[in-house]
Amino acid sequence: MIRVAIIKGADSVTIDGDGVLATDAGGKPIVLDLPVAVRSERGRILAGNSSSQLVRLAAGGLMRVNGKSYRGQIELSLQNNGKILVINELPLEQYLIGVITSEISSTWPMESIKTQAVIARTYAVAKRKERSRAFYHLESTVMDQAYEGSDEEDSRAVRGVIETEGEVLTYNGTVIQAFYHANSGGRTESSENVWGVALPYLKGVECQYGLTSTTSSWEQSVPLSKIESSLKAQKVYGLTDIKAGPRNNRGRLKTVQLETERGTITILATKFRMAVGSTVIRSTNFSVRVEGGTAYFSGSGYGHGVGLCQYGAKQRALDGFSYTEILSYYYPGTKLSKLSEF
């Protein structure tokens, strides 16, 4: 089983479905007239005529949370700020079907779908172990893996999961940290350049296949005032210019220099990207110029660049490579293992 946080910080959540059974923290049944808006109030969750710290929902079929369908069970609890946290608990293999259709297109070649199934399973298993004492194992966003429930499930995603059932990547007998990203822009990144930790199977490889995608290059313009606002936590005030710093051995920027009215501030490129927005500054492989109070960025790749390049895997599959060959290329030295072996 895997526990996925699908909603965080909500004041209310709408629940619907057929044959839904609800219970409170003590296991006492709650009568609900569906659809129902479950809300937080004064440190309690109000569901129907019940007031509780925790609400569990189960059904023979699908349940809908804010209009999205989910398999498994739904659990509503309160965060420390009094807002509602919604967790979807379901079997790992069912979860993976939803990840595939959220992370990539199920119209992609089957070998790339099977590749995605293996790395998503590997990532989830590693996080489940790492966060075994936490209230949930995974976020449903790109902070972990995109997961939108069961609405987009289809037979090709199911096939990719079934044909790789239980398969994970290991290194020296341990399930790896299977990081992946959308597009490498020509070469993948080394883990130590992003997180400061050198992993032998995440050294970075050449990935010319990724250049075949329209996502391999990008341009973006952002007003300096908006960038400055994003960097308040770094105490950036009076931003006047942005300059690219030195590059690492994989071609990505190490740092960015921010010229301000108070002097020059040097910031890690990875931190700059996340502060401004990872969908705005799509990678740390970029150049920048400032004109008329606006910063113009031009870059390659999409994502942190570590591990598998999804678009590279797609093109490799189109060229006839199997999912096992794709995995061994992007994660050198790893072994394809079965969860039943652990």
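Note on Lys127 versus Glu130: salt bridge recorded, some NZ/NE/NH1/NH2 to OD/OE distance being below 4.0 Å. Under the 4.0 Å criterion applied to side-chain N and carboxylate O atoms, Lys226 and Glu228 are not assigned as salt-bridge partners. Between Arg121 and Glu165 there is no salt bridge, since no side-chain nitrogen of the basic residue lies less than 4.0 Å from a carboxylate oxygen of the acidic one. Checked for salt-bridge contact, Lys314 and Asp319 miss the test: no charged N lies under 4.0 Å from a carboxylate O.
In the hydrophobic cluster analysis, where Ile, Leu, Val, Met, Phe, Trp and Tyr join through side-chain heavy atoms closer than 4.5 angstrom, Tyr296 is grouped apart from Leu224.
Below 30°, between 30° and 60°, or above 60°: for His304 and Phe179 the angle between ring planes is above 60°, a perpendicular geometry. The aromatic rings of Tyr209 and Phe321 sit perpendicular, their planes meeting at an angle over 60°, well past the 30° parallel limit.
A 4.5 Å side-chain heavy-atom check between Ile100 and Ile113 finds at least one atom pair inside the cut-off.
In this model, a donor atom of one side chain and an acceptor atom of the other lie less than 3.5 Å apart for Asp151 and Ser69. Judged by distance alone, the side chains of Glu259 and Thr264 do bring a donor and an acceptor atom under 3.5 Å apart. Side chain to side chain, Tyr302 and Gln310 fail the donor-acceptor criterion of an N or O pair below 3.5 Å. Counting only N and O atoms by type, the side chains of Asn88 and Tyr95 include no donor and acceptor under 3.5 Å apart.
Within a 6.0 Å radius of NZ in Lys203, other residues, nucleotides and ligands contribute more than 12 heavy atoms.
Geometric assessment of Arg316 against the ring of Tyr329 yields a positive cation-pi assignment under the 6.0 Å and 45° thresholds.
Looking at Arg282, its side chain never comes within 3.5 Å of a backbone N or O of Gly299 through a donor-acceptor pair.
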Please tabulate, one pair per line, all N/O donor-acceptor pairs under 3.5 Å involving side-chain atoms of residues 1-15, not counting sequence neighbours.
unit_1, atom_1, unit_2, atom_2, d
Arg3, NE, Phe135, O, 2.8
Arg3, NH1, Glu89, OE1, 3.3
Arg3, NH2, Glu75, OE2, 2.8
Arg3, NH2, Phe135, O, 3.0
Lys8, NZ, Tyr136, OH, 3.1
Lys8, NZ, Glu139, OE2, 2.9
Asp11, OD1, Lys83, NZ, 2.5
Asp11, OD2, Lys83, NZ, 3.4

